[in-house]
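We name chains A, B, ... by the order of the sequence lines, and we start the count at 1 in each one.
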Amino acid sequence: MASGYDPKEIEKKWQEVWAATKLYATTDDSNKPKTYVLDMFPYPSGEGLHVGHPKGYIATDVYARHMRMRGHSVLHPMGWDAFGLPAENFAIKTKIHPRVAVEKNIARFKEQLAGIGFDYDWSREINTTDPAYYTWTQWIFLQMFKKGLAFQSNEPINWCPSCMTGLANEDLDGTVCERCGTEVEKKSLPQWVLKITAYADRMLADLDSLRWPEHIKEAQRNWIGRSEGAHIEFSIAGSDKKIKVFTTRPDTLFGATYMVLAPEHALVKELPISNRADVDAYVASASAKSEIERTDAGKDKTGVELKGVKAMNPANKEEIPVYVADYVLGGYGTGAIMAVPAHDERDYEFAKKFNIPIVQVIEPKFFGSKEVIEKKFGTTRGDEVRPDMEFVRREAVCAVVRNPKDDTYLCVSWKSNHMNGLVTGGIEAGEDIVEAARREVAEETGYKNLKFVRTSPVAINTFFYHRVKKQNRWAHFTFVFFDLENDECQAIDEQETALHEIVWKKKEELKSFFTVFEGDFVVDLLNDREYVHTGPGMLSNSGTFNRLDSEEAKKKITELVGGVLTTTYKLKDWVFSRQRYWGEPIPIIHCEKCGAVGVPEKDLPVLLPEVTSYEPSGTGESPLATIAEWVNTTCPECNGPAKRETNTMPQWAGSSWYYLRFIDPQNSEALVAKDKEKFWAPVDVYVGGDHAVRHLIYARFWHKFLYDIGSVSTIEPFARLEFLGFILAEDGRKMSKRHGNIIDPQTVVAEYGADTFRVYEMFMGPFENTVAWSTTSIVGTKRFIKRVWKAAELVQDAPATDLDTPLHQTIKKVGDDIETFKFNTAVSQMMIFLNELEKSGSIGKEQWQSFLQLLAPFAPHVTEELWARLGNASSVHLSQWPQFDEKKILASVVEVAVQVNGKVRGSVLLHPDATEAQALSAARADTNVAKWLSGGSEKKAVYVKGRIVSFVVEQS
RNA sequence: GGGCGAGUGGCGGAAUUGGUAUACGCACAUGGCUUAGGACCAUGCACCGCAAGGUUUGGGAGUUCGAGUCUCCCCUCGCCCACCA
């Protein structure tokens, strides 16, 4: 009889054994395949860990243990991202040195982690605030400085008046500081900036090679925000000044009917404006407005015309007005736009409000090639464009007739070829468009009392093959909207009646009803009275460019007006200085004679000096600036008097390369030794969530730089990324001190044991899902572990043959599921196996060992104990992962459901290799199936091997 | 407004990718064992129905012998980005 399951005792015992035997020491053993598994390392906050933090750590632990059992050399390290504002703000409040607070927090974190039973090799622990670590952070900065990728700038930056430091765009939450929520200001300070934009295209392109969740890749793309377009200059009448704009749509230039300058734009001050007072007032009110108000996309457009100023549209040489408006942002593109109200919703809204002309220059184009039609309808209908035929262009009209009584639309359905559409027809020479539409409606449908509502400003071009006229047609459709006044009908020509029938359809039925391929567009048009066509198309009202495709026109029109095709990014260069104490000193010395000089590499690290006060000066200088003996130094180049750079690096610096240091944490010669880097890099699986987008951008940027200077051998740092879903408190809110709903993992481990805790976190739901903690549900996994404990009593020498199939299915599923991070179903499969085991009543020793091995990555302590009790001398965690036998996965008999007319009427037991004939006859022999078959004549019978038998019976 | 994703029992969630929907677990119910139990064991548990049977994966249509899964329309929710020219 085994004694009762006591997690406290066995967990402590094995953790001590593992530590004493250095069971998890990482070996750089290049004879084995390698796996590098990494969590986003934590910031050791004063709050300690809550049960949400270890979820990712458990996942990587399971994955790492499993890969080790599969014979891999495994690197699974842990460390601390310990620079940053919270520790510093705490220091300001308490006068305790941030280093002291950080050490204390780390000790607490380690204590909390210790009880969970991770397989970290603590000899590789790193800490970003350790001089032996940050010397290499500074070294990387120096290499960037040498390559001109780190440079000084005086441009106005975001300044948080509360944190008293400059911030990168990425540190903002909209327009407020993401740490303290204070509205940021613009401030001009000398800043260090990293040229991350130089890597934008590579960061974009190399995403394709990564095994990352699509939504994270998409977030990276959005963050980089590449857009291709052109810079175009507009001259100003009576001035030599020019307005330079960036546009992604140079093809719409002929439709640019006004221009807008951002309130911050330099020209607003410089131009000879006759209503100066109004303009200045507007600019002042725009800058006074909180940026949240200003950038709220939903709000009404505001702006003021610059009177006395006219710009010239370089395409059609027309004079157009210039406005200042805050819907144009100073920080993007050139801070000025050409406005094309016909093809941009924001410009449209503004133009409507200020009565500015709207000129359509792009007409939607629907080209009915064979491919397009096949893709949309899955089949061709004979109206596809004939590739070798000329097009005959016709002016045409499309009548949109609404019956206001029941809100339905008049449609016609052609009998001969199943075409469903609206009433359309050609416009006769000299005929008015609206008259033509009325005539077509009357001829085709008989309705004659129509109230004209509007014509759509947007015309479209449809290219198709006219089956009756046997020619390629290019129909230029204008839309005319009517309301039906009454049902009065005139007689329709019999010929017409024979061709088609009339149907009234509700708006929401139209999309599926239409079989003309411009149908979707027509529905959009009637859904949206203010429809603005922002897509591609065919040019109109554009002089010699008319009828050109918009894509081609982009280049040609840019050339015409002397513009330059160019690419811009949302991503801005990275403002890299912080005016704070607790960060890596930027290793630069300012000399009056030599300028900014890099600290020689032999003098690294530039140690963070001791200070008496951690307060930022508030003048834009860091606390370091107050330490004269540290600041004053000599220039490494001319030996003259010089001053140290007093700004520090942002918290992101240390985390941008830490994954490399784990590979070779003690190296004092290089940030990582080449051979070790070659062996371990890249990170095979990287796990995290939350602020991942920015961290990933920065780390990828640094990594690519390190690749360029030969420090690393891979172009990307993280080959595979798994996104972590968070754990919420039981009340569904985030766990926080403020809500008082934090659950400490130590409490849970003390009450349920580490193995239960680990299995529960993996079983809670899909790994990427956000799930609320549940103190009631965790007992389920506790029961499971206890039942495993008890099942050890069922072990016998002889294998239980009835467990062969479930065991081998479980081996396969658990292995596959760990590989794909589907831990919840891996656990559930092991529960299923345990149920089978208990039902069977006995299990062979070998089978039991295999099961323990499968469970070992999830519940390392209890499995180690039971493994040892079987007489194994070495650890289960170093044992070899069990192999499944394909043959044993297949059961010797399978239960196959039998359907009659789609309903399950019985099931039959079949050999997996049974033939269709055998399956069908067995199915027919089932009494209940026979009953349902006897009601009629059998039309069809299907057998899908091992799955299903399906009969179709026609009732007689 | 844009992008991405998701809607399955009272709850967390499964479903070999088009093949018996609701696995596994929680909660709940009944019974057992117990001095006791927030321990353990057994049974039941999508819905309607005494049953035969019928209905059910947000709603509606379609393709198919067969749809949670594929196609179209509509509704709801979540996340990220948001006047990016």
What distance, rounded to whole Å, do you find between the two [atom1] atoms, one in [N] and one in [M]?
| N | M | atom1 | value |
| --- | --- | --- | --- |
| B:A39 | B:A21 | P | 35 Å |
| B:U17 | B:A67 | C1' | 12 Å |
| B:U56 | B:G66 | P | 15 Å |
| B:G19 | B:G68 | P | 10 Å |
| B:G53 | B:G7 | P | 33 Å |
| B:G38 | B:U22 | P | 33 Å |
| B:G78 | B:G13 | P | 16 Å |
| B:A6 | B:G18 | P | 15 Å |

*How would you label the glycosidic angle of B:U17: syn (within 90° of 0) or anti?*
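Nucleotide B:U17 adopts syn.
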*asked:* Quick test of your reading: applying salt bridge (Lys or Arg N to Asp or Glu O under 4.0 Å), list the pairs with at least one residue in residues 773-786 of chain A, sequence neighbours left out, ordered by first then second residue.
replied: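 Qualifying pairs, neighbours excluded: none.
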With a cut-off of less than 4.0 Å, is there a side-chain N or O of [X] near OP1 or OP2 of [N]?
| X | N | result |
| --- | --- | --- |
| A:Lys931 | B:G53 | yes |
| A:Asn222 | B:A82 | no |
| A:Asn928 | B:A52 | no |
| A:Lys903 | B:U55 | yes |
| A:Lys940 | B:C65 | yes |
| A:Asn824 | B:A14 | yes |
| A:Arg783 | B:C26 | yes |
| A:Arg905 | B:G54 | yes |

Quiz question: going by heavy-atom distance under 3.5 Å, is there a donor-acceptor pair between the base of [N] and the side chain of [X]?
| X | N | result |
| --- | --- | --- |
| A:Ser950 | B:C65 | yes |
| A:Lys301 | B:C83 | yes |
| A:Arg947 | B:U20 | no |

*Just jot down the ring pair (Phe, Tyr, Trp, His ring centres under 6.0 Å) partners of A:Phe763, sequence neighbours excluded, or say none.*
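A:Phe763: no ring pair (Phe, Tyr, Trp, His ring centres under 6.0 Å) contacts found.
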*Spacing of A:Phe767 atom CZ relative to B:A14 atom P, expressed in whole Å*: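 In whole Å, B:A14 P lies 14 Å from A:Phe767 CZ.
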Answer yes when [X] and [Y] have at least one side-chain N-carboxylate O distance shorter than 4.0 Å, and no when they do not.
| X | Y | value |
| --- | --- | --- |
| A:Lys8 | A:Asp6 | no |
| A:Glu218 | A:Arg221 | yes |
| A:Glu349 | A:Arg346 | no |
| A:Lys790 | A:Glu793 | no |

*With under 30° as parallel and over 60° as perpendicular, where do the rings of A:Tyr5 and A:Trp789 fit, or are they tilted in between?*
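A:Tyr5 and A:Trp789: tilted rings.
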*For the side chain of A:Thr805 and the backbone of A:Lys888, is there at least one donor-acceptor N/O pair under 3.5 Å apart?*
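Yes.
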*asked:* Could you spell out the base pairing of RNA chain B as a dot-bracket line? Use Watson-Crick and G-U wobble contacts where both distances are under 3.5 Å, [ ] for crossing pairs, | for partners on a different strand.
replied: (((((((..(((......[....))).(((((.......))))).(((....)))..(((((..]....))))))))))))....
Candidates [options] - which lies nearest the side chain of [X]:
| X | options | answer |
| --- | --- | --- |
| A:Thr776 | B:C65, B:C26, B:C24 | B:C26 |
| A:Val779 | B:A85, B:U20, B:A27 | B:A27 |
| A:Trp932 | B:C83, B:G53, B:A85 | B:G53 |

